[in-house]
There are 2 protein chains.
Amino acid sequence: MFNTLDRKDQLTIVAQQLFKDKGYAGASMRDMAQNLGIEAPSIYNHVASKQELLSSICFNIANEYLSIIKQIKKSGYNHPALILQSIIEAHIKVVTENIEASAVFHNEWRFLEEPNYTQFIEMRSDYEDYVESIIKEGVSKSIFKTNNTKLCTLSLLSTLNGIYHWYNPKGDLSAREISHNILNLFFLGLKR
Amino acid sequence: MFNTLDRKDQLTIVAQQLFKDKGYAGASMRDMAQNLGIEAPSIYNHVASKQELLSSICFNIANEYLSIIKQIKKSGYNHPALILQSIIEAHIKVVTENIEASAVFHNEWRFLEEPNYTQFIEMRSDYEDYVESIIKEGVSKSIFKTNNTKLCTLSLLSTLNGIYHWYNPKGDLSAREISHNILNLFFLGLKR
DNA sequence: CCTACCGATCGGTAGG
DNA sequence: CCTACCGATCGGTAGG
């Protein structure tokens with residue numbers, strides 16, 4: 001499993017798994033060392049602190065989300081429904097391709113220390129605000145209809161972010177199928 | 001704040017807050033004692049262990065959800081859309097009235113020890129299965145339309161469960177308004 | 001990458 | 001409800 005990865009990458013993978021399973025406070029550097037077959041102090045040859053492991057995991061994912069925005073802006077799309085569809089598809093891609101890191105991103109960010117803590121919240125806010133701005137635009141163009149764009153945004157993101165709870169990469173439901181179904185649900189609703 | 005509560009109830013409230021803020025592993029019995037103005041060992045006059053605090057918080061909420069099912073069955077409702085609406089409203093009521101406990105319920109249940117761990121998962125599954133059964137019934141009666149009732153259920157529950165992340169009891173958005181908007185979104189969709 | 005080790009903190013107990 | 005204290009474990013350092 002680790003054959004082609006250097007120690008630092010191995011360490012990151014182990015940290016993602018352990019932070020997910022035991023939480024930041026509950027996962028010890030000794031746990032990680034054991035998973036790598038080395039002694040705990042040896043970890044510090046590859047990383048400065050437990051906190052650095054956490055922040056690199058969290059900001060990796062945060063950057064994935066922010067690069068979704070950049071890509072969409074570069075694409076030249078201007079129809080709100082098309083843009084929102086692209087966001088949803090890209091977001092689901094990030095979650096399904098980074099399940100462990102997504103779990104850490106969502107559950108353990110609160111253990112980030114300053115200034116990382118504040119920066120993380122700002123990056124997440126930027127993304128949420130962007131998604132909401134697309135929904136607002138859709139409402140103003142009468143393409144979307146909702147009483148409360150903020151609540152609508154949070155509901156959508158909760159659904160997308162919740163995927164890591166149940167997604168199985170070896171299961172029979174692909175990221176594409178998930179996207180298709182969630183798009184249908186949020187665009188057209190459950191009632192017929 | 002604590003005037004009318006006995007020590008055990010005070011302790012539960014403090015534990016909910018600290019488990020939410022610092023996680024189960026990160027919140028210490030000494031933290032709780034300090035919040036109550038007593039010494040750590042005194043806590044053990046009211047509770048047998050840290051684990052007992054966690055399990056009582058988690059099962060309290062789990063029982064709230066299961067009692068939603070009981071109430072609906074007692075009500076005699078048989079129209080799937082009406083039942084699903086009742087579930088959504090009751091679910092949002094539980095979350096908004098128990099924000100801290102809901103956060104613990106969702107983030108810290110994995111620290112439950114056996115047999116509580118297994119029992120908790122079963123109770124949560126029972127609830128999810130019930131919600132899905134209502135959606136399935138709606139599909140079979142051509143009231144609802146979805147390709148994947150499981151995914152639809154998980155999406156809805158992710159949205160409902162995500163409310164504790166942002167809900168502010170002193171804010172301007174009431175539980176009733178949240179219910180109304182989420183119902184609209186899930187039943188009718190965003191597109192018009 | 002290791003051994004040896006640090007001070008701090010943990011959940012919990014004994015005994016009053 | 002307290003003081004005094006237990007063994008275990010923590011993140012991390014020194015030095016090689």
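Here is the naming used below: chain letters follow the sequence lines, and residue numbers restart at 1 for every chain. Just so it is clear, the values below take in all heavy atoms, side chains as well, and ignore hydrogens, waters and symmetry mates.
- Protein atom CG of A/L18 is 12 Å distant from nucleotide atom P of D/dC10, rounded to whole Å.
- In terms of modelled atom types and a separation under 3.5 Å, the side chain of A/S133 and the main chain of A/Y130 share a donor-acceptor contact.
- When only modelled atom types and interatomic distance are considered, A/S140 and A/E137 share no side-chain donor-acceptor pair under 3.5 Å.
- Rounded to an integer number of Å, the gap from NZ of A/K22 to P of D/dG11 is 11 Å.
- Nucleotide C/dG16 forms a pair with D/dC1, judged by Watson-Crick or G-U wobble geometry with both contacts under 3.5 Å.
- Looking at A/N98, its side chain does come within 3.5 Å of a backbone N or O of A/V94 through a donor-acceptor pair.
- Residue contacts for B/A25: at a heavy-atom cut-off of 4.0 Å it reaches no nucleic acid atom on any strand shown.
- The CE atom of B/M29 sits 20 Å away from the P atom of D/dA8 (whole-angstrom rounding).
- Along DNA chain C, the nucleotide closest to B/G26 and the one closest to B/N45 are compared, and the more 5′ of them pairs with B/G26.
- A donor and an acceptor atom, one from each side chain of A/T149 and A/E132, are located under 3.5 Å apart.
- When the nearest nucleotides of DNA chain D are assigned to B/P41 and A/Y24 by heavy-atom distance, the more 5′-ward of the two goes with B/P41.
- Between A/R30 and B/K50, the residue anchored nearer the 5' end of DNA chain C, judged by the nucleotide with its closest heavy atom, is A/R30.
- Under the Watson-Crick or G-U wobble criterion, with both distances below 3.5 Å, C/dG11 is paired with D/dC6.
- The CZ atom of A/F19 sits 13 Å away from the P atom of D/dC10 (whole-angstrom rounding).
- The distance between atom CE of A/M32 and atom C1' of D/dT9, rounded to the nearest whole Å, is 15 Å.
- Rounded to whole angstrom, the span from the OH atom of B/Y44 across to the P atom of C/dG11 amounts to 6 Å.
- Residue A/S28 places none of its side-chain N or O atoms closer than 4.0 Å to OP1 or OP2 of D/dT9.
- As rounded to whole Å, 14 Å separates atom C1' of D/dG12 from atom CD of A/Q51.
- Between the side chain of A/N116 and the backbone N or O of A/L112, no donor-acceptor pair lies under 3.5 Å.
- Within the 4.0 angstrom heavy-atom criterion, no nucleotide atom of any strand lies near B/A33.
- Rounded to a whole Å, the CD atom of B/E39 is 15 Å from the P atom of D/dC5.
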